[in-house]
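Heads up: numbering here begins at 1 and tracks the sequence. Numbering of ligands and ligand atoms starts at 1, following listing order.
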Amino acid sequence: MDKVTKSAGTSAEEIIEWGEAHHLETCFERAEKLKQCPIGETGACCRVCHMGPCRLVGRNAEEKAEGVCGASLASVAARNLVRMIAAGTAAHSDHARDMAMTLLAAAEGTAKDFRITDVRKLYKVAGILEIEFEGRPVNDVARDVALKFLEDFGRQTGELNYNKRAPGKTQERWRKWGVAPRGIDREVVEALHRTSVGVDHDADHLLAQGIRTALADGWGGCMISTDITDILFGTPKPLRAESSFGIFKEDEVNLVVHGHEPTLAEIIVDAASSPEMIEYAKSRGAKGINLGGMCCTANEVLMRHGIPTAGGFTNQELGIMTGLVDAMTVDVQCIMPAITRLSEKFHTKIITTSPKAKIPGAVHVEYDEHHARETAEKIVKMAIDNFPNRTSEGSHITRKTPLIAGFSHEYIEYMQGGKWRASFRPLNDAIMAGRIRGVVGLVGCDNPRVQATSIHKYLATELIKNDVLIVSTGCGSAACATAGYLTPETALENAGPGLREVCEAIGIPPILHLGACVDNSRILTIATAMAHEGGLSDEIAGMPAVGIAPEWMSEKAIAIGTYFAASGVPVIMGGESPVGASREVERIMTEVWFERYMGALHFEPDPEKILAMTLDYIDRARENLKLRKYEPGKFGAERVLMDMAARRELERSAAGAAHAGVGGISESQG
Ligand code: CUV
Ligand code: SF4
């Protein structure tokens, strides 16, 4: 039998083994040593007051167990989940708030290093927000957009600006069940209030506030963040880049940007390519400056500049163990504090940059948007100055894999018909004809509690084999990237016949990298566009679409899963259920939510079952929509909705794709 490795990534595994041989501990060993608490894991532990912690276990716990206050297992489990949602929403939305503040400062001219890069996107957003833009100075429009977004955080009554972006029927469901979010901060605060000792004890009622909070994340925090990032730094278009540990260069300064907020990273990208900095690097004996990314900051600068990624969450310690990283900047979210202790064994400098997060053992260089360039240059210089300290110590890996990233809602629309007839018609038609069986969002973290990235890889392979188009974000994308799946060739080799045809015609990979975790909002707007396009469902609910986060670990993933469920998408999360102790809570989140929203939140550790459930949801949705029954290799006729000119354009781009590997994809500068 094959040895079960700790990571499914070949290079990752090599580094883990090198580390073990050198007595360097990583999350993989710690995960083995530190078993999960079975009571907390399933949501049966309440610690919201100091009469507890109360552990609601024992025989017939569901019926009998209660805490000192009398809280039932269902209310304890629901409370725990709602608190996870609140924390996840707080994380994304605080990130979004920073983006809005940066947009405001850029518009008012107080953050001189930032400007409006994508005016078209600004106008699109202004249009949705009903802000006048024609004939007005760009910065005035940008200021109004920023202020309008900032209202969403502190709004007390009414609804979030972007609720109205959802299909009408989806909005009606939210209003009917009383979960349409009002203000982002208000929902988070109310969730914390209602889950504190002695307040809300009805599991269904508690979970409804969980939904309202999560919707404030999806249609608020995440969507605001995506849109402002596009406005400030450009809406992504496909580009080629590379991934895995081989992206680090022996003879150049390697600087890694790790974390989540893209603002400082964007300026670092700029600073690192300046002639003065490159000159300075040469003066210290390096041939140049090489930037690499980690986790979601990686996704942000990959999507817009083709900066290569070293991978997702479980790769952060391994990156340091290459011995080639001269400096790593971190800001907020998903940063293992273990990296500072590990970095002491190497020459790597860990630099914390957010006013919100410090880690003992790191150097703190605080960033604020008013002095961005200065901070960025200081950091690049620190990396350069550290280059001569590099020793040959480390697990040097040369393997790297090519990838294509940069699929935004806007580009996906464009690629289906060109500038003049951009639409979602071809995608809807391909689904109706059975060429594409359905769409899956394969997202979320990678996790050392399982063979890291293996479930992402398994599901990606099986789903495309079954003609399911995948959209991916976050560390799920990194898992697919380092496995080499984000190239059009993957479609040729592994996709089912229908999906392969579609990918070949347009020149795209069967897995579309949509960006960072906040860019899950792009999946919401794509699903909305598909509903408006017609021929499938007229709301997000009922689409042959499923969300999967097979290796999730962050509270943010729970918030994301919940907003998809409440928007009408069945969601399957991997691992043990964090509410598994209460059958009642599980029933509400699957059966009751499905009745109300046609979405659900399942937890399923078995990858094969995840696959079967996904295909079953997709096929049932096809049946309910009275679409052609999916049969591999057999398609119905697509309705001809393109005229000859559009057809020719598509053929041209397909020919271009055959020539260049892919249609209209630029080379990265990374
Ligand atoms: Ni927010 S949340 S490990 S970096 S996807 Fe990556 Fe993306 Fe999970 Fe974190
Ligand atoms: Fe125990 Fe109730 Fe306090 Fe929770 S709120 S710790 S169940 S006494």
Ignoring hydrogens and geometry beyond distance, is a side-chain donor-acceptor pair present between H258 and T297 at under 3.5 Å? no
How close do H409 and T525 get, counting heavy atoms only, and between which atoms? ND1-OG1, 3.0 Å
Which residues and atoms, protein N, O or S only, are under 2.8 Å from atom 7 (Fe) of ligand 1? C296 SG, C517 SG
With sequence neighbours left out, the residues meeting side-chain contact (heavy atoms from CB on, under 4.5 Å) with C222 are H92, D217, V518, S521, Y563
Out of curiosity, is M553 lining ligand 1, as in a heavy atom under 4.0 Å away? yes
Does a donor on one side chain sit under 3.5 Å from an acceptor on the other, for H95 and S225? yes
Using only heavy-atom distances, determine whether the side chains of E586 and S577 contain a donor-acceptor pair under 3.5 Å. yes
Please list, in number order, the atoms of ligand 2 under 4.0 Å from a heavy atom of R79. 4 (Fe), 5 (S)
Check whether any side-chain N or O of H305 sits under 3.5 Å from a backbone N or O of I307 as a donor-acceptor pair, and report yes or no. no
Heavy-atom closest pair, residues F233 and M99: CE1-CE, 4.2 Å
Residue pairs, two or more places apart or on separate chains, that pass salt bridge (charged side-chain N to carboxylate O under 4.0 Å, His left out) and touch residues 295-307: D230-R304, E300-R304
Are R97 and D185 ion-paired here, with the side-chain N under 4.0 Å from a carboxylate O? yes
Tally of protein N/O/S atoms under 2.8 Å from atom 1 (Fe) of ligand 2? 1
Should the ring pair F407 and Y411 be called parallel, tilted or perpendicular, given that the plane angle runs from 0 to 90° and is split at 30 and 60? perpendicular
